[in-house]
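A short worksheet on the structure shown next.
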Amino acid sequence: MKKYIFLSLLALIISGFVVSCNEGGNEIPVTSITKISACVRDSFRTTMVYNGDMLQELNLYINDKLRSESKIEYLLTTIRCEVNGITYEIFLDNTRGGARAKEVTARVNGALLNNVEYFYDDQNRIEKACYERLGGVDDGGPKIRWIIYTYNGNDIIEVDDAGTNYTLNLSSEENTGSVCNVLDFSGAPISTQYIINPDLYYLNIYGKPVGYLPQGQTIERNSSNNLTRVGKYRYEY
């Protein structure tokens, strides 16, 4: 009986239906990302293995060579995984309904590399994030940097990437199944590498995904209207 309860809890977390033990947690809508078997971008290919609705494993290939295999570990209030030598610990926000990241830490060989704290608007979209660099390459910039997202309906997203502004124009094409990591097309370096980490996107931890695709990108769909390509990204089902 205990094993059944534990497995049921894991399934609820990954599908976005986790309910906080604290009944005072904010209630947020449940969002989902259509299960894909692989996402390809440039020389990177990430394959996904599921157990029912639960993402169980992420395998990263670079230039068709296996770089890392990551088993996803689901705990009551955290998710842990290792991708390409970086260990991530995702601390879940105190919410009811859907699940989202409150804080994500990255470590290399046990040493803390960086930390990101997330803040959301009333539509469950990332509104701002605090990125703190704690190790690794020092570019001479401040250790703490703020990233701010401003949404203009379904047309434009402005990204203030630690003081440098980027504009992401959206098209009328829907992000079917939310499989496209739309904010990656902003070109904002901190946002696209650390805030919306492309290796972690399919864990569905970043609140409400952007609902429309970026302008000026090649878009392809299969006969079932599933997205198979958006710009540099290709998707397999």
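Values below: every heavy atom of this structure, side chains too, minus hydrogens, waters and symmetry copies. Here the structure is a predicted model, which is why all the values come from computation and not from measurement.
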Is the number of heavy atoms from other residues, nucleotides or ligands under 6.0 Å of Asp64 CG greater than 12? no

Would you mind telling me which of Val179, Leu227, Thr176 makes a side chain to side chain contact (heavy atoms under 4.5 Å, CB included) with Thr34? Val179

Would you find a donor on one side and an acceptor on the other, under 3.5 Å apart, between the side chain of Thr77 and the backbone of Leu92? no

To the nearest 0.5 Å, how far apart are OH in Tyr131 and CD1 in Ile147? 9.0 Å

So, are Asp184 and Lys232 salt-bridged, with charged N and O less than 4.0 Å apart? yes

Could you please spell out the steps behind the side chain to side chain donor-acceptor pair (under 3.5 Å) verdict for Glu57 and Asn59? CA-CA 7 Å; Glu57 186 176 328; Asn59 299 317; 3.1 Å; yes

Under 3.5 Å, side chain of Ser43 to main-chain N/O of Ile62, donor-acceptor pair present? no

Between the main-chain N or O of Gly231 and the side-chain N or O of Arg229, is there a donor-acceptor pair closer than 3.5 Å? yes

Rounded to the nearest 0.5 Å, how far does CG of Leu213 lie from CD1 of Ile219? 4.5 Å

Just verifying a value: how many Å separate Leu60 CG and Thr46 OG1, rounded to the nearest 0.5 Å? 5.0 Å

Decide whether a cation-pi geometry holds between Lys102 and Phe91; the criteria are a distance under 6.0 Å from NZ or CZ to the six-membered ring centre and an angle within 45° of the ring axis. no

Report the C-alpha separation of Lys128 and Glu117 in whole Å, then their side-chain angles, then the decisive distance to 0.1 Å, and conclude whether the side-chain contact (heavy atoms from CB on, under 4.5 Å) test is met. CA-CA 9 Å; Lys128 58 184 178 180; Glu117 187 175 2; over 6 Å; no

Name all pairs fulfilling the ring pair (Phe, Tyr, Trp, His ring centres under 6.0 Å) condition that reach into residues 212-237, sequence neighbours left out, sorted by first residue then second. Phe185-Tyr233

Between Asp199 and Arg41, is there a salt bridge with N-O shorter than 4.0 Å? yes

Would you confirm whether Asp93, through its side chain, and Thr95, through its main-chain N or O, come within 3.5 Å as a donor-acceptor pair? no

Heavy atoms, side chains only, cut-off 4.5 Å: are Trp146 and Asp160 in contact? no

Quick one: do Ser171 and Gln215 satisfy side chain to side chain donor-acceptor pair (under 3.5 Å)? Show the steps, please. CA-CA 5 Å; Ser171 70; Gln215 283 186 9; over 6 Å; no

Decide yes or no on side-chain contact (heavy atoms from CB on, under 4.5 Å) for Asn109 and Thr87, but give the supporting numbers first. CA-CA 8 Å; Asn109 297 324; Thr87 301; over 6 Å; no

As a quick check of understanding, evaluate side-chain contact (heavy atoms from CB on, under 4.5 Å) for Tyr61 and Val40, giving each step before the final call. CA-CA 9 Å; Tyr61 296 80; Val40 181; over 6 Å; no

Between Asn175 and Cys180 (side chain of the first, backbone of the second, donor and acceptor by atom type, cut-off under 3.5 Å), is there such a pair? yes

Could you walk me through whether Val83 and Tyr88 pass side-chain contact (heavy atoms from CB on, under 4.5 Å), step by step? CA-CA 8 Å; Val83 181; Tyr88 297 98; 4.2 Å; yes

Do any side-chain atoms of residues 188-195 form donor-acceptor pairs under 3.5 angstrom with protein atoms, and if so which ones, sequence neighbours left out?
unit_1 : atom_1 : unit_2 : atom_2 : d
Ser191 : OG     : Tyr149 : OH     : 2.6
Thr192 : OG1    : Ala188 : O      : 2.9
Thr192 : OG1    : Pro189 : O      : 3.4

Taking Asn222 for the side chain and Asn225 for the main chain, is one N or O donor matched with an acceptor at less than 3.5 Å? yes

Quick one: does Tyr74's side chain get under 4.5 Å of Leu203's, heavy atoms only? yes

Salt bridge check, Glu82 against Arg107: does any charged N sit closer than 4.0 Å to a carboxylate O? no

On the six-membered ring of Tyr206, is Arg100 placed so that its NZ or CZ lies under 6.0 angstrom from the centre and within 45° of the ring axis? no

Is there a donor-acceptor pair closer than 3.5 Å between any side-chain N or O of Asp121 and the backbone N or O of Asn124? yes

